[in-house]
Amino acid sequence: MSQQELSSGVQTPENTSVLEKEDKIDEVPQEVSHKINPAGGLKDHLLISIFCLLVAFGGFVFGFDTGTISGFVNMSDFLERFGQTHADGTHYLSNVRVGLLVSIFNIGCAVGGIFLSKSADMYGRRIGIMFAMVIYVVGIIVQISATDKWYQICVGRAITGLAVGTVSVLSPMFISETAPKTLRGTLVCCFQLCITFGIFIGYCVTYGTKQLDDSRQWRIPLGLCFLWAIFLVSGMVFMPESPRYLVEKQKIEEAKKSIARSNKLSAEDPAVYSEVQLIQAGIDREALAGSASWMELITGKPAIFRRVVMGIMLQSLQQLTGDNYFFYYGTTIFQAVGLKDSFETSIILGVVNFASTFVGIYIIERLGRRTTLLAGSAAMFVCFIIYSVLGSVHLYKDGEYNNNNTFKSSGNAMIFVTCLYIFFFASTWAGGVYTIISESYPLRIRSKAMAIATAANWLWGFLISFFTPFITSAIHFYYGFVFTGCLLFSFFYVYFFVSETKGLSLEEVDELYAQKILPWKSAAWVPPSYEQMATSTGFAADAKAQDEQV
């Protein structure tokens, strides 16, 4: 693409071949003197940061569901309408119903993340998120209109899961494609911040409505979901589209306007042209390396399969740290340690979770991705050992599993250790995983790879949330040792297989993997210069030459 084409906003014809694009890149001057300053903090990128925060609100939708469902399954009206009856006339939810009501949401999320996230590749990131919110509203309507059929709630939660799974892929992806690289980790972590804020607000709302004596207990929290959907859709109206998506679709003029609006510049500013040039060079390198088929997740270069496996493992391990064991069943767990009002304890956990995420936002750019995850694994490992030993050995009096026959001191200690665990999780693995996943894949396969990785998260979320009632009924707090083992494994996995991507542009991440830098040496890797990245085909040229020899 020539300078004249970019500066005038003329789009590259659809039938332009990859080789022709490569030739045109070579025509660009070798020095890029004008560029958008990648340095600076939040004040230097205030407008684009606000836009990214609007996108991050998609995490609130997910968090609010997590915070409310743990309260629903313990509400009197919910139990009376959708539960079963003991011989003494009291109402309860069987393990099967609790497992399905909580976990069916995760199945919907997995399906939505894999299939519906493709809408972002066809129609853009903004439209994809708005489309997801329409589905979300349909699911809420199905749930809120239920009267006494528990399976109607399940169907509604599955539908809302489709929407939340889609947003959970698109929001971090949208932010990573739009945010400046020096703030990308921080802004992607804001997606996790919104999740924790949603969980906290969900806890608070259910605590307030549980005092009611009719269906308002659970219908008011569900009704608030309409407000969240309206807010997110309104935010997308003002959000500029991802410039990387626009350049990939050869909508150069729109890409220039998007970059200019996000950075408070004129669309004709030389810095805007340079940024489009850099994005176009990266896309051309990707095009030379292969087509965007599902098979490329296995055969793509550089090291696409390795990166896909890493994403699946990190998202799976995020669930296997045991976080949703507390968040989904918080009220139930703390009834077991002798608390009369476990809703209050859930609010405490929500406050710790929300406040700790700010720590994660701070350290993700200072310590780096690898160090953050390694520290989190080690700290959570210690917490879960203490929690599991206390619960399995020194909680119940006389060795009898009776919630009314527990040592209060042990229960209080378990609550403290739980808060400590949530602090370490929220400040490390919660946002760190989303950050790494959002910046580890090239544009042409990003939605597919992120969808697969996120689906692994939802699948494990389903398994944990569905089987937890059965497992805890059988082995009680010995269940914690399962998560302890997973945390030990996560430490070694991160050390040997996760590369540091702090401070790298999305195009530089490709070069990191192309040069086969060992993960434990990746933090010291120095990327090519800005001019080299904007004017060369890098790894793609080598891959193309090898393909031609074959």
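Contact check on Arg216 versus Asp77 returns no salt bridge, with no Lys/Arg side-chain nitrogen under 4.0 Å from an Asp/Glu carboxylate oxygen. Note on Arg446 versus Glu177: salt bridge recorded, some NZ/NE/NH1/NH2 to OD/OE distance being below 4.0 Å. A salt bridge is defined here as a Lys NZ or Arg NE, NH1 or NH2 lying under 4.0 Å from an Asp or Glu carboxylate O, and Glu439 with Arg369 meets this definition.
Taking the six-membered ring for Trp and the full ring otherwise, Tyr421 and Phe384 have centroids separated by under 6.0 Å. For Phe82 and Trp218, the ring centers are positioned less than 6.0 Å apart.
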Item checked: CA sep, side-chain torsions, deciding dist, call: Gln217, Phe78, side-chain contact (heavy atoms from CB on, under 4.5 Å) -> CA-CA 8 Å; Gln217 285 181 333; Phe78 196 87; 5.6 Å; no
Next item on the list: May I have the step-by-step check of side chain to side chain donor-acceptor pair (under 3.5 Å) for Thr428 and Thr372, ending in yes or no?
Entry: CA-CA 5 Å; Thr428 58; Thr372 298; over 6 Å; no
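Side chains of Leu100 and Cys154 form a contact here, defined as non-hydrogen atoms less than 4.5 Å apart. Trp458 has its side chain out of reach of Val111: every pair of non-hydrogen atoms, C-beta onward, lies at least 4.5 Å apart. Leu162 places none of its side-chain heavy atoms less than 4.5 Å from the side chain of Tyr136. Residues Val494 and Leu314 meet the side-chain proximity criterion, which asks for heavy atoms closer than 4.5 Å. Counting heavy atoms from C-beta outward, Met133 and Val167 have side chains that approach closer than 4.5 Å. Side chains of Asp510 and Pro302 form a contact here, defined as non-hydrogen atoms less than 4.5 Å apart.
For the pair Arg307 and Tyr513, the cation-pi test (distance below 6.0 Å, angle within 45°) is passed.
Formation of a donor-acceptor pair under 3.5 Å by the Arg370 side chain with backbone atoms of Ser499 is not found in this model. At least one donor-acceptor pair under 3.5 Å links the side chain of Thr160 to the backbone N or O of Arg157. Remark: the backbone N or O of Trp150 is not paired with any side-chain donor or acceptor of Arg97 at under 3.5 angstrom. For Ser176 (side chain) and Ser438 (main-chain N/O), a donor-acceptor pair under 3.5 Å exists by modelled atom type. Judged by distance alone, with hydrogens and angles left aside, the side-chain atoms of Thr196 form a donor-acceptor pair with the main-chain N or O of Leu193 at under 3.5 Å. No donor-acceptor distance shorter than 3.5 angstrom exists from the side chain of Gln192 to the backbone of Ala426, with no hydrogens or angles considered.
Side-chain contact annotation: Glu241 with Ser258, donor-acceptor N/O pair under 3.5 Å absent. No hydrogens or angles considered: a donor-acceptor pair under 3.5 Å links the side chains of Trp460 and Ser316. Using a 3.5 Å distance cut-off with no hydrogens or angles, the side chains of Trp429 and Ser377 do pair a donor with an acceptor. Ser145 and Gln152 share a donor-acceptor pair across their side chains, judged by distance under 3.5 Å alone. No side-chain donor from either of Gln318 and Asp323 sits under 3.5 Å from a side-chain acceptor of the other.
Phe200 meets the ring-ring contact (aromatic ring centres under 6.0 Å, His included) test with no other residue; sequence neighbours excluded. Take Tyr362 and apply the side chain to side chain contact (heavy atoms under 4.5 Å, CB included) test, not counting sequence neighbours, and it matches Arg366.
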